[in-house]
Number of protein chains: 2
Amino acid sequence: MSEAPPEGLFLIIEDDALFGRVLARALARRGHRVALAATVEEALRLAPELAPERVVLDLNLAGASGLPLIAPLLAIVPECRIVVLTGYASIATAVEAIKLGATHYLAKPADVDAILAAFAPQPPGTQAAPPAQPLSVRRLEWEHIQRVLAEHDGNISATARALRMHRRTLQRKLMKRPVRG
Amino acid sequence: MSEAPPEGLFLIIEDDALFGRVLARALARRGHRVALAATVEEALRLAPELAPERVVLDLNLAGASGLPLIAPLLAIVPECRIVVLTGYASIATAVEAIKLGATHYLAKPADVDAILAAFAPQPPGTQAAPPAQPLSVRRLEWEHIQRVLAEHDGNISATARALRMHRRTLQRKLMKRPVRG
DNA sequence: CCCCTGCGCGACATTTTGTCGCACCCGCGC
DNA sequence: GCGCGGGTGCGACAAAATGTCGCGCAGGGG
């Protein structure tokens with residue numbers, strides 16, 4: 001077990017134990033070797049010894065963002081490909097993640113095939129087509145909030161002030177899942 | 001304020017002539033030199049001679065995607081920073097754009113300050129948050145609605161469908177005054 | 001003339017806010 | 001240790017905003 005992985009090992013960094021195990025099992029069933037980490041610390045502890053080839057990284061790890069994990073992971077295992085998977089997807093964090101070196105960024109729910117596909121190197125000629133419809137008002141609001149929130153380093157109070165909205169309201173909006181569209 | 005030197009030339013690649021000119025004027029008023037291109041061809045023709053330092057790139061250029069422009073632009077002017085600005089934002093195209101080398105990706109109702117900020121290096125919590133006051137959620141919503149409404153030639157029903165909001169709600173929002181801030 | 005679509009608006013049940021208040025953590029200077 | 005200032009999470013409740021239904025009315029085809 002302590003040998004260098006001959007075949008690509010998956011490291012799933014996932015807060016939600018249930019989801020993590022389901023994903024792990026699904027990947028294992030497809031013949032992949034899988035490891036699971038539930039916290040930032042655990043991930044950083046496991047990464048050096050496992051040297052995972054592919055990482056599925058959840059953001060929102062017990063309240064802490066998973067974004068800051070990307071750089072350290074790449075420092076430890078430069079070759080590894082990291083796919084970010086989050087239930088609170090936003091353009092702001094997507095841009096950040098990719099800039100930090102993530103391979104791809106997916107919104108939950110995402111099926112296993114989509115996750116695996118995200119690791120695959122650029123399927124040729126796969127230019128993402130712009131959506132036919134503009135963002136819904138709700139979605140746009142979510143994106144804007146995420147952007148401003150990021151600008152304020154996740155400080156909810158400061159963000160609420162910047163957006164001139166009540167902190168309580170912002171809290172509530174952040175708890176909800178981003179609407180699709 | 002240590003403003004960026006007026007050296008850097010902006011190249012705005014924008015389909016919508018009105019929006020393009022407004023943006024160009026806003027940037028010019030802040031002491032930047034600005035050029036405007038309305039099509040992919042024009043952009044590629046202008047890029048070599050202008051060697052823009054910063055590019056504002058709209059996706060949806062007369063139906064064609066602006067994404068394929070990123071690579072050629074970077075090939076022509078390797079140093080230039082490209083901010084994608086689109087009215088049809090999506091996480092998928094955002095990821096694509098960043099992977100292709102774009103500096104940032106913004107959804108369209110974006111004020112000039114946000115656009116300028118997007119060119120700044122920033123990531124690891126550098127300088128204290130610039131006093132750039134983001135648009136309030138209300139204001140953002142208003143701008144977005146107006147944009148989509150214009151795209152649908154003032155058709156309220158169609159706009160409501162596009163925004164996936166109830167026509168009655170849209171009517172009510174339109175009756176109110178354009179909130180500011 | 002009928003049908004379809006868009007517009008404006010009343011009425012009413014739901015949701016979402018705005019607002020207060022309170023408890024609980026820090027980090028900091030005294 | 002202690003008080004203070006700021007941030008966070010969350011309950012409670014009244015005040016708005018929104019979702020929904022349902023008219024009536026206006027064009028424009030077929």
J.: Suppose we call a contact any N or O donor and acceptor under 3.5 Å apart; does that hold for the side chain of B:Arg167 and the base of C:dG8?
T.: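 A donor-acceptor contact between them is present.
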
J.: Rounded to whole angstrom units, what separation is found between the CG atom of B:Leu163 and the P atom of D:dG19?
T.: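 Taking CG of B:Leu163 and P of D:dG19, I get 12 Å after rounding.
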
J.: Among D:dT18, C:dC9, C:dG18, which nucleotide sits nearest the side chain of B:Thr169?
T.: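 Ranking D:dT18, C:dC9, C:dG18 by closest atom to the B:Thr169 side chain puts D:dT18 first.
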
J.: Ignoring backbone atoms, test whether B:Asn155 places a side-chain nitrogen or oxygen under 4.0 Å from the OP1 or OP2 oxygen of C:dT5.
T.: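 No.
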
J.: Given C:dT16, D:dG11, D:dT8, which nucleotide is nearest the side-chain atoms of A:Arg168?
T.: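 Of C:dT16, D:dG11, D:dT8, D:dG11 is nearest to the side chain of A:Arg168.
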
J.: Just N and O in the side chain of B:Arg138: are any of them under 4.0 Å from OP1 or OP2 of C:dG18?
T.: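 For C:dG18, OP1/OP2 do have a side-chain N/O of B:Arg138 under 4.0 Å.
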
J.: Could you say whether A:Ile156 or A:Arg172 is positioned toward the 5' end of DNA chain D, judged by the nucleotide with the nearest heavy atom to each?
T.: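 Closest to the 5' end, via its nearest nucleotide, is A:Ile156.
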
J.: Do A:Tyr88 and A:Thr93 have side-chain N/O donor and acceptor atoms under 3.5 Å apart?
T.: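 There is no such pair (donor and acceptor under 3.5 Å, judged by atom type) between the side chains of A:Tyr88 and A:Thr93.
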
J.: Would you say the side chain of B:His144 lies within less than 4.5 Å of the side chain of B:Leu163, judging by non-hydrogen atoms?
T.: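 Heavy-atom side-chain distance check passes, below 4.5 Å.
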
J.: In terms of side-chain heavy atoms of B:Gln171, which of C:dC9, D:dG19, C:dT19 is nearest?
T.: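 Nearest listed nucleotide: C:dC9.
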
J.: It should be established whether B:Arg161 places a side-chain nitrogen or oxygen under 4.0 Å from OP1 or OP2 of nucleotide C:dG6.
T.: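 Result: yes.
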
J.: Can you tell which of C:dT19, C:dG6, C:dT16 lies closest to the side chain of A:His166?
T.: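 Given the options C:dT19, C:dG6, C:dT16, the side chain of A:His166 is closest to C:dT19.
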
J.: Let me confirm one number: the CG-CD1 distance from A:Leu59 to A:Ile70, rounded to the nearest 0.5 Å.
T.: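 Atom-to-atom, A:Leu59:CG and A:Ile70:CD1 are 7.0 Å apart.
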
J.: Taking side chain as C-beta onward, heavy atoms only, is A:Glu143 less than 4.5 Å from A:Ile91?
T.: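 A:Glu143 reaches A:Ile91 side chain to side chain.
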
